[in-house]
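Shown next, in structure tokens, is the structure this report addresses.
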Amino acid sequence: MPRAGDGPYVQSLDRGLAVLRCFGEDRTRLSISEVAREVGVDRAVARRLLHTLAELGYIGVEGSNFFVRPRVLELAQAYLGTVDFPDVIQPHLAQLTSEIHETSMAFVLDGDEIVYIAGVQARRLVSINVRVGLRIPAHQSPLGHVLLAAQSAEARAAYLERVELTPTTRYTITDKPALRKRLITVADQGYALGDQELEMGLRTIAVPVHDRDGTVVAAISIGVLAAAYSARKLINELLPRLHETAKRIESDLAVLN
């Protein structure tokens with residue numbers, strides 16, 4: 001992580017953004033003490049950061065708790081406004097889900113996490129609560145495995161050196177040699193299969209999406225109930241459909257300006 005002495009580094013900006021990152025689906029309202037602990041600053045600094053963000057309209061205050069206000073969406077617009085592929089991907093995933101009646105999703109890699117950018121949820125997977133901007137540690141999902149596998153060997157090694165492999169289910173890969181082996185396999189076979197690694201009862205298969213230069217820019221997936229699809233059935237019946245969808249997306253991406 002950069003430090004104040006490393007060039008034109010602004011620590012207060014770093015801390016302000018860290019405050020916004022504290023909030024999430026299971027942390028919608030936080031106290032000053034909780035924010036201070038998450039960001040790693042004392043209460044006085046956390047208080048100033050929170051009240052500054054409140055003055056700017058990004059944070060709301062209710063009693064002793066703080067919450068994110070809709071204005072934070074403006075921060076995403078600069079990125080979303082320059083990226084064409086979420087709009088390109090969404091119709092293809094909608095078509096895929098309408099044909100197979102299973103959930104389809106698209107994620108991109110951002111640091112050590114993957115971010116949800118498009119998708120269509122099948123009614124049967126009502127337990128999955130996804131929204132644009134949802135972030136997941138990359139090691140916990142086949143989508144992340146696809147995106148990590150597309151990186152250079154040096155980048156994968158650096159990732160494995162710095163990351164902490166936390167579980168969400170008893171099937172999540174938390175052993176670094178095992179994850180290293182998984183990423184090599186995914187890179188070789190061109191897809192990743194997850195068996196209840198992110199959520200119990202859910203199997204997921206994912207493939208990469210390339211831009212016109214052959215660079216992997218996203219991963220798309222199909223998620224199914226484990227009770228409805230064995231791993232073999234998922235590979236034999238739905239993987240070809242997922243590859244076809246990826247190819248159609250890539251064809252559209254190739255003609256973008």
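For reference, positions follow the sequence shown, starting with 1. Just so it is clear, the model here is predicted, and its values are computed rather than measured.
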Separation between CD1 of Ile136 and CD of Glu113, rounded to the nearest 0.5 Å:
9.5 Å
Can I get a per-line list of side-chain donor-acceptor pairs under 3.5 Å for residues 49-69, giving both atom names and the distance, sequence neighbours left out?
| residue | atom | partner | partner atom | Å |
| --- | --- | --- | --- | --- |
| Thr52 | OG1 | Arg48 | O | 2.7 |
| Glu62 | OE1 | Arg29 | NH1 | 3.2 |

Going by side-chain contact (heavy atoms from CB on, under 4.5 Å), Arg203 matches just one of Leu198, Leu225, Leu238, Val224. Which one?
Val224
As a quick check of understanding, evaluate salt bridge (charged side-chain N to carboxylate O under 4.0 Å, His left out) for Glu197 and Arg182, giving each step before the final call.
CA-CA 13 Å; Glu197 295 170 8; Arg182 166 70 66 86; 2.9 Å; yes
Taking the side chain from Thr169 and the backbone from Gln196, do they hold a donor-acceptor pair closer than 3.5 Å?
yes
Between Arg15, Arg27, Arg21, which is the residue that forms a salt bridge (Lys or Arg N to Asp or Glu O under 4.0 Å) with Glu38?
Arg27
Compare every heavy atom of Pro86 with every heavy atom of Ala118, then report the nearest pair and how far apart it is.
CB-O, 4.2 Å
His210 backbone acceptor or donor facing Glu250 side chain under 3.5 Å
yes
Residues 157-167 side chain polar contacts: donor-acceptor under 3.5 Å, at least two apart:
| residue | atom | partner | partner atom | Å |
| --- | --- | --- | --- | --- |
| Tyr159 | OH | His139 | N | 3.3 |
| Arg162 | NE | Asp112 | OD1 | 3.1 |
| Arg162 | NE | Asp112 | OD2 | 3.1 |
| Arg162 | NH1 | Ala158 | O | 3.4 |
| Arg162 | NH2 | Asp112 | OD1 | 2.6 |
| Thr166 | OG1 | Gln140 | NE2 | 3.3 |

Check whether Asp110 reaches the backbone of Ile114 with its side chain - one donor and one acceptor, N or O, closer than 3.5 Å.
no
Tell me the closest heavy-atom pair linking Ala138 and Leu109, and the distance in Å.
CB-CD1, 4.1 Å
Got more than 12 heavy atoms from elsewhere within 6.0 Å of NZ, Lys233?
yes
Under a 4.5 Å side-chain heavy-atom rule over Ile, Leu, Val, Met, Phe, Trp and Tyr, are Tyr229 and Ile220 clustered together?
yes
Cut-off 3.5 Å, side chains only: do Ser221 and Thr204 have a donor facing an acceptor?
no
For Thr215, is there any backbone N or O sitting under 3.5 Å from a side-chain donor or acceptor partner on Asp213?
no
From Asp195 atom CG to Leu234 atom CG, the distance as rounded to the nearest 0.5 Å
9.5 Å
Would you check if the side chain of Ser141 reaches a backbone N or O of Pro137 as a donor-acceptor pair within less than 3.5 Å?
no
To check you understand the geometry: which heavy-atom pair defines the closest contact between Val207 and Val146, and what is its length?
C-CG1, 3.8 Å
Look at Arg232 together with Glu237 and state whether they make a salt bridge at an N to O cut-off of under 4.0 Å.
no
